[in-house]
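Here is the naming used below: chain letters follow the sequence lines, and residue numbers restart at 1 for every chain. Hydrogens, waters and symmetry mates are skipped; everything else that's a heavy atom, side chains included, is used.
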2 protein chains.
Amino acid sequence: MDAFTAADARVADATLAASRALLGVVARSVVATLDVVSLPQFRVLVMLSSAGPTRMGAVAERMGVIPSTFSRFIDRMVAGGWVERAASPDSRREVLLELTESGRRLVDDVTERRRADISAILSIMTPDQRTALQHALQAFADAAGEPQAADLLTLGL
Amino acid sequence: MDAFTAADARVADATLAASRALLGVVARSVVATLDVVSLPQFRVLVMLSSAGPTRMGAVAERMGVIPSTFSRFIDRMVAGGWVERAASPDSRREVLLELTESGRRLVDDVTERRRADISAILSIMTPDQRTALQHALQAFADAAGEPQAADLLTLGL
DNA sequence: TACAACAATTGTCTAATTACACATTACGGA
DNA sequence: TCCGTAATGTGTAATTAGACAATTGTTGTA
């Protein structure tokens, strides 16, 4: 069905270029926290924030590291006060990982900073542009699907 | 003046959601290379790719590490065949860092993978939606201004 | 009940990433 | 020319990341 014409390629390029501004917003919101937690650590926080308490092994797998490595990685995060180990109601050999108040606040702060940043940019645009943007981005997000949570996590975003 | 209405919030939410979808694309494109180079190393490649041959100290500074540290870090990248040291035409005490063919190809591959991913998503949308998205993102990019390259680099974008 | 499988951790090792202090070499102005 | 400074590199050490093996405790099952 020859879906990719030269025009399509141009649109893809233009989209990619324009989307860089959006990436800039995201990067800024995350970078501000890197003094506090490392990127891999932030990754775990984001994951727990969206998935809730999760078994150690499951998180390790999604992070793509071996459980032994992960256990000591989590030791440091526990020491930092971002997450804590908790007993699983299902089985006593399982250990659940969950955010502490600090951990949750940190993720929320990043999201909030990002949202504020976006709002500031939107306020410069005209109402018509805003409406058009909303519809266009919704279409894009729908097309992209509800996907790749795992991919996102790898970068910690 | 109550600038933030419910409608504004909806646009901001849509933008946030789209930013996550976009990040999925970016993350996926980078993740595939992490078997080959580490994230810090990839950041150097991205930087050299956009800035061209650059003095050691300048790269170290932009990476936020102390110059003395950087030398051995680069040793590993040279050993891996991704970058090479070159004499500076300006001064014999300066050492320029530049991408090798492999290094450039690696960055290009990531960009290409990213572009293909976007194309795939766009192909699901209607032509009208594609055009609308392109224009809307352009307006957003204009309003946002130039993203801080430093922020993007931190994430290897 | 005894035993295999499972989840998490700990022991041990290698290597990457970073810092700080110092050494080396090259410029550049007095 | 000579000396201060700049750019890079080395020595040493701490922290982190990662793998694999072995251990501990738990669960499920033959």
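- Distance I74(B) CD1 to dT10(D) C1': 16 Å, rounded to the nearest Å.
- As a whole-Å value, the separation of F70(B) CZ from dT18(C) C1' is 13 Å.
- Every residue meeting the side chain to side chain contact (heavy atoms under 4.5 Å, CB included) condition with Q134(A), not counting sequence neighbours, appears here in chain and number order: Q138(A), R10(B), V11(B), A14(B).
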List the atom pairs, donor and acceptor, that lie under 3.5 Å between side-chain atoms in residues 66-81 of chain B and the rest of the protein, sequence neighbours left out.
unit_1, atom_1, unit_2, atom_2, d
S71(B), OG, R85(B), NH2, 3.4
D75(B), OD1, R85(B), NH1, 3.0
D75(B), OD1, R85(B), NH2, 3.0

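- At the phosphate of dG9(D), OP1 or OP2 sits under 4.0 Å from a side-chain N or O atom of S71(B).
- By the salt bridge (Lys or Arg N to Asp or Glu O under 4.0 Å) test, E112(B) is found to be paired with R115(B), residues two or more places apart in sequence or in another chain being considered.
- Computed from coordinates, the L39(B) CG to dA17(D) P distance equals 13 Å when rounded to whole Å.
- Distance alone, capped at 3.5 Å, is enough to place a donor-acceptor pair between the T126(B) side chain and the Q129(B) backbone.
- Applying the side-chain hydrogen bond (donor to acceptor under 3.5 Å, both in side chains) test to pairs two or more places apart or on separate chains, none has a residue in residues 51-66 of chain B.
- Shown here are the side chain to side chain contact (heavy atoms under 4.5 Å, CB included) partners of A21(A), two or more places apart in sequence or in another chain: F140(B), A141(B), A144(B).
- With hydrogens and angles left out, the side chain of R72(B) and the base of dG11(D) share a donor-acceptor pair within 3.5 Å.
- At whole-Å resolution of the value, CZ in R55(B) and C1' in dA7(D) are 7 Å apart.
- The distance from atom CD1 of I66(A) to atom P of dT12(C) is 19 Å, rounded to the nearest whole Å.
- For DNA chain C, the residues of residues 75-102 of chain B within the heavy-atom distance limit of 4.0 Å (strictly under) are R76(B), S91(B), R92(B), R93(B), sorted by number.
- Under the salt bridge (Lys or Arg N to Asp or Glu O under 4.0 Å) criterion, D108(A) pairs with no residue at all, not counting sequence neighbours.
- When the side chain to side chain contact (heavy atoms under 4.5 Å, CB included) test is applied to S102(B), the partners found at least two apart in sequence or on another chain are W82(B), T100(B), R105(B).
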For nucleotides 22-24 of chain D, tabulate all protein N/O to nucleotide N/O atom pairs closer than 3.5 Å, reporting atom names and distance.
none

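- The CG atom of L96(B) sits 11.5 Å away from the CD atom of E84(B) when rounded to the nearest 0.5 Å.
- Between the axis at the start and the axis at the end of the helix from dT1(C)-dA30(D) to dA30(C)-dT1(D) there is an angle of 10°, using five pairs per end and rounding to 10 degrees.
- Note on residues 115-134 of chain B: no pairs pass ring pair (Phe, Tyr, Trp, His ring centres under 6.0 Å), not counting sequence neighbours.
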List the atom pairs, donor and acceptor, that lie under 3.5 Å between side-chain atoms in residues 26-42 of chain A and the rest of the protein, sequence neighbours left out.
unit_1, atom_1, unit_2, atom_2, d
R28(A), NE, D117(A), OD2, 3.1
R28(A), NH2, D117(A), OD2, 2.9
S29(A), OG, V26(A), O, 2.6
S29(A), OG, R114(A), NE, 2.9
S29(A), OG, R114(A), NH2, 3.4
T33(A), OG1, V30(A), O, 2.9
S38(A), OG, Q41(A), N, 3.3
Q41(A), OE1, S38(A), N, 3.2

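- A donor-acceptor contact under 3.5 Å is not formed by the side chain of S68(B) with the base of dC22(C).
- With rounding to whole Å, Q41(B) atom CD is found 15 Å from dA15(C) atom P.
- As judged by a 4.0 angstrom heavy-atom cut-off over every strand, F73(A) is placed among residues touching the sugar-phosphate backbone only.
- Separating the CZ atom of F42(B) from the P atom of dT17(C) is a distance of 15 Å, rounded to the nearest angstrom.
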